[in-house]
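Order of the sequence lines sets the chain letters (A, B, ...), proteins ahead of strands, with each chain counted from 1. Heavy-atom basis, side chains included; hydrogens, waters and symmetry copies ignored.
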Protein chains: 2
Amino acid sequence: MSAPARQVAHCPDDILSQCAALMARQGYHGTSMRDLARTTGRSLSGLYHHFASKEDLLYLINERGFSSLLSNAERLRDAYRAEVRRRPAGTSEVAGLLRDLITAHVDYFSRHRSEMRVLMLGTQPMSPAHGEAVRRLKQRYSDVLSYAVSEYMAVYAPGTARSEVERKAWLLFGMMNWVFGWYAVDELGSPRDLTTDIFGIFTQGCLASSPVVTTSE
Amino acid sequence: MSAPARQVAHCPDDILSQCAALMARQGYHGTSMRDLARTTGRSLSGLYHHFASKEDLLYLINERGFSSLLSNAERLRDAYRAEVRRRPAGTSEVAGLLRDLITAHVDYFSRHRSEMRVLMLGTQPMSPAHGEAVRRLKQRYSDVLSYAVSEYMAVYAPGTARSEVERKAWLLFGMMNWVFGWYAVDELGSPRDLTTDIFGIFTQGCLASSPVVTTSE
DNA sequence: CGACCGACCGAACGATCGTTCGGGTGGCGC
DNA sequence: GCGCCACCCGAACGATCGTTCGGTCGGTCG
């Protein structure tokens, strides 16, 4: 009999990354199953033994990517919390947490550029159930970053409004995610240079609550 | 006779923005000409009297959006140059230019969110000629921003390497463009708040050349 | 009035889309 | 030996895709 149902169990990582590489360049709707079959060296119907549908493939790429990012981030956050419990008055660790999170993000980004591009392109073509699952992972990840930012602000700029903290965390996300977004430019320096700049700009930039500015008119 | 050739001349702005709104949500390949015809209240073949092809529509959206952004930016840059010519030792105007550019970008972004989302989604589905034209506009726009950043760095952190300036300009782009990218969250504050934060973080953040950091390990 | 023109339409074209079906391997347990 | 199962294939399905064709309508100019 048939009854293929869902073989969501597990799909080889190399197939997933090959598909992601193609989708990163052409987009989800712009990439056909026949394209994917050709570049993975398989036949069209052979592909369907590794995932239930094209939409399922998109979900698997998203799920695996965000899970990796999230587990790294939560591990760093938990290490920070344990450290703080041991020495409650830590004012330097909080900057270290922020720096470690940025480093982990940029490193992962530079090593899985194609998958990351797929993650940014959006969740819309997914079923409500899959979309919700991915959205929850995104939320948890951005919560970790917001937490780190709020801890930093609590030390270096106490009394900052919650909304301002979230806005600044969002801008930090912007710097971290944009880099590999527009063109595929490799002339922007090493991931290490990038991390240094992002960390420096953000931490120093947040210290001045109201900008010391002159207006031109 | 037929001979429709290319009626690239001009297509009504309202049609373009309606199409952009749909493409912003579903992507280029995910939006069919029939979808576009339905939401613009026209018939399928009626649409083809306003642009030559679907790809041409994408080009028109890109061309019009980047041209608007670019003309605003170049106007601000030229005003700054004229000002500097009159009073050569201007150290405050350079920050003003940066602030004005950010303000213009965020304002335009918040007023044409759909079009901007289309602009970010990529140039790949376009013909070589159209792709080149759009890429040139993008380049000119990012050149203006890089120029402003390099002027700022020349005053406040002289001797900064060219590659570092470009990297920092890129990060500024990240903060400006990411905001409306992921979720459609309106709870991040007004465009004015956003501009203030971006300007503050960037200008203050660039002042410290090497980050004053402690490492956690 | 008749010629012309831009705006618009319904119907259809060939191509390509995601997916399914029936069958064919080769290896491992019994 | 036989049966099972993961893996893979060619061929086809209905649907939808971008685009084209021939024609209608309402105005405007001569």
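Across the protein-nucleic acid pair, His50(B) atom NE2 and dG18(D) atom C1' stand 18 Å apart, rounded to whole Å. One atom, CG of Leu58(B), and another, C1' of dG18(D), lie 14 Å apart when rounded to the nearest Å. When the P atom of dT19(C) is taken as reference, atom CG of Asp56(A) falls 10 Å away, rounded to whole Å. Rounded to whole Å, atom C1' of dC21(D) lies 17 Å from atom CG of Leu47(B). Note: CG (Leu57(A)) to C1' (dG18(C)) measures 13 Å, nearest angstrom. Residue Gln26(A) contributes atom CD, which lies 10 Å from atom P of dC17(C) at whole-angstrom precision. Distance, Tyr48(A) OH to dC13(D) C1': 13 Å, rounded to whole Å. Per the geometry, NZ belonging to Lys54(A) stands 8 Å off P belonging to dT19(C), to the nearest Å.
The residue Leu44(B) sits close to a base: some heavy atom pair falls under 4.0 Å.
At a cut-off of 3.5 Å, with distance as the only test, no side-chain donor of Gln18(A) or Asp14(A) sits close to an acceptor on the other residue.
Partners of Tyr28(B) by ring pair (Phe, Tyr, Trp, His ring centres under 6.0 Å), not counting sequence neighbours: none found. Partners of Phe202(B) by ring pair (Phe, Tyr, Trp, His ring centres under 6.0 Å), not counting sequence neighbours: none found. Partners of Glu74(A) by side chain to side chain contact (heavy atoms under 4.5 Å, CB included), not counting sequence neighbours, listed by chain and number: Leu70(A), Arg77(A), Arg140(A), Val144(A). Taking His112(A) as the reference, Tyr108(A) meet the ring pair (Phe, Tyr, Trp, His ring centres under 6.0 Å) condition, with sequence neighbours excluded. In this view, Ser67(A) and Glu63(A), Leu137(A) satisfy the side chain to side chain contact (heavy atoms under 4.5 Å, CB included) rule, not counting sequence neighbours. Arg162(B) pairs by the side chain to side chain contact (heavy atoms under 4.5 Å, CB included) definition with Ser150(B), Glu166(B), not counting sequence neighbours.
When the nearest nucleotides of DNA chain C are assigned to Gly46(B) and Glu55(A) by heavy-atom distance, the more 5′-ward of the two goes with Gly46(B).
Pairs passing the salt bridge (Lys or Arg N to Asp or Glu O under 4.0 Å) check and including a residue from residues 34-48 of chain A, sequence neighbours excluded, read Asp35(A)-Arg38(A).
With respect to the salt-bridge test (charged N to carboxylate O, under 4.0 angstrom), the residues Arg192(B) and Asp107(B) do not qualify.
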Can you give the dot-bracket line for DNA chain C, where a pair is Watson-Crick or G-U wobble with both atom distances under 3.5 Å, crossing pairs use [ ], and | marks a partner on another strand?
-> |.|||||||||||||||||||||||||.||
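Within 3.5 Å, no donor on the side chain of His49(A) pairs with an acceptor on the base of dC7(D), nor the reverse. Between the side chain of Ser45(B) and the base of dG10(C), at least one donor-acceptor pair of N or O atoms lies under 3.5 Å.
Residues from residues 27-42 of chain B that place a heavy atom under 4.0 Å from any atom of DNA chain D, listed by number: Thr31(B), Ser32(B), Met33(B), Arg34(B).
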